[in-house]
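Written below as structure tokens is the structure these notes are about.
In the text below, chain A, chain B and the rest are named by the order of the sequence lines, each starting its count at 1. All heavy atoms count here, side chains included; hydrogens, waters and symmetry mates do not.
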Number of protein chains: 2
Amino acid sequence: MLLSKACIYGVRASLYMALVYHKDSYISIRDMSQKLDISFHFLTKILQQITQAGLMHSYKGPNGGINLSKNPREITIIEIIDAIDGLDVFTECVIGLPGCGKNKPCPLHEKWAIARQELQDMFENTTLHEMAFNSKKLNLRLSNEFSIKELID
Amino acid sequence: MLLSKACIYGVRASLYMALVYHKDSYISIRDMSQKLDISFHFLTKILQQITQAGLMHSYKGPNGGINLSKNPREITIIEIIDAIDGLDVFTECVIGLPGCGKNKPCPLHEKWAIARQELQDMFENTTLHEMAFNSKKLNLRLSNEFSIKELID
DNA sequence: TTTATTAAAGACTAATTTGTCTTAAATATA
DNA sequence: TATATTTAAGACAAATTAGTCTTTAATAAA
Ligand code: SF4
Ligand code: SF4
């Protein structure tokens, strides 16, 4: 698995937030966890990491919740990944050898270095807005249970 | 991490086997575990999986060990990965959504489907021989401790 | 035939990741 | 102020992955 479960849930939640984005209102974690079929408490902890990384804001109390700290056009997927798994996967050796770099590269280096860069580019160049826009256009699914149209109604 | 530790160790061991490949002699797991700095017992279990997948043969008793069941020119890295982690990473959704495919693809689909195919191609098109050949040519390292030249002497 | 060497098998432990639960703190509103 | 709602924090448990150890089986060679 390229990304951990926690990271995957973080990306899904971020995408949901982009779908229902309104600059000045908060999304309840409880509500989101039900819509995305993710454990409420687990999701809470994941969102705390994302919040602590500055990508979202939280607000306690009635009508509180989470919102994106900037426009979804300005948030890329790699920022979510960085907040949860970190970016090691984009710098480390695919067969786990130490000292990855130009000095003593492992045998797979030439190919892997290209592939991991492409993966990094993919996550760097995909914004939450772009994902949300395509999702709505095609009525894709963010969970087994609900289609996007059902989620944003 | 794209590949599990077990899988990574399996690939390193396979590469070592290709480096010292002689059609008719066996490599001791104990010796290999020391040269590659991998736990002997853990490596034994990993090699059992690879052996059971038919990629290597084992032989008990004095001067026994493991050897490749075909020429390293005919073994690709993906065969090792398949024997240990399986190939799910090359077919599944990057954000873990069920039902990956044309019916209800996730928002990242277009980019991820290309990237994961490239990764699969990379592992399918890299043979143990190719890795070993490049490794020897450049005197790369398979472990922290020893350079290739030290390993095959 | 006895002994030493080697892999196979499986029980066991440790570490990490994933997930659950309880309590505390902040906030809105009655 | 009292109550309900919501996130924060952290203890705890379950599941998975990683790693260790012991015993058994096969084989070579003395
Ligand atoms: S492939 Fe190499 S340089 Fe690339 S990662 Fe492996 S060791 Fe490092
Ligand atoms: S990206 Fe899509 S189609 Fe591709 S994997 Fe995700 S759900 Fe499946």
Q: Select one nucleotide: of D:dT6, D:dA9, C:dA28, the one nearest the side-chain heavy atoms of A:Lys60.
A: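 Selected nucleotide: D:dT6.
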**Q.** Given C:dT18, C:dA11, D:dA4, the nucleotide with the shortest approach to the side chain of B:Lys45
**A.**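 Of the candidates, C:dA11 comes closest.
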Q | Quiz item: cation-pi between A:Arg30 and A:Phe40, 6.0 Å / 45° | A | yes
Could you check how far [atom1] of [X] sits from [atom2] of [N], rounded to whole Å?
{"X": "B:Gln48", "N": "D:dA26", "atom1": "CD", "atom2": "C1'", "result": "14 Å"}
{"X": "B:Asp88", "N": "D:dT17", "atom1": "CG", "atom2": "P", "result": "12 Å"}
{"X": "A:Arg30", "N": "D:dA8", "atom1": "CZ", "atom2": "P", "result": "14 Å"}
{"X": "B:Leu43", "N": "C:dA9", "atom1": "CG", "atom2": "P", "result": "16 Å"}
{"X": "A:Phe40", "N": "C:dC21", "atom1": "CZ", "atom2": "P", "result": "12 Å"}
{"X": "A:His41", "N": "C:dT22", "atom1": "NE2", "atom2": "P", "result": "8 Å"}
{"X": "B:Ile50", "N": "C:dA8", "atom1": "CD1", "atom2": "C1'", "result": "15 Å"}

(Q) With nearest nucleotide decided by heavy atoms, which residue, A:Leu3 or B:Tyr59, maps closer to the 5′ end of DNA chain C? (A) B:Tyr59
Q) How do A:Cys7 and B:Gly65 order along DNA chain C: which one's closest nucleotide is nearer the 5' end? A) B:Gly65
Q: Could you tell me whether the phosphate oxygens of C:dG19, OP1 or OP2, come under 4.0 Å of any side-chain nitrogen or oxygen in A:Tyr9?
A: yes
**Q.** Pairwise distance NZ(A:Lys70) to CG(A:Leu55) - rounded to 0.5 angstrom
**A.** 6.5 Å
**Q.** Exam field: side chain B:Trp112 to backbone B:Glu92, donor-acceptor pair closer than 3.5 Å
**A.** yes
Q) Just wondering, do A:Glu74 and A:Asn71 contact through their side chains at under 4.5 Å, heavy atoms? A) yes
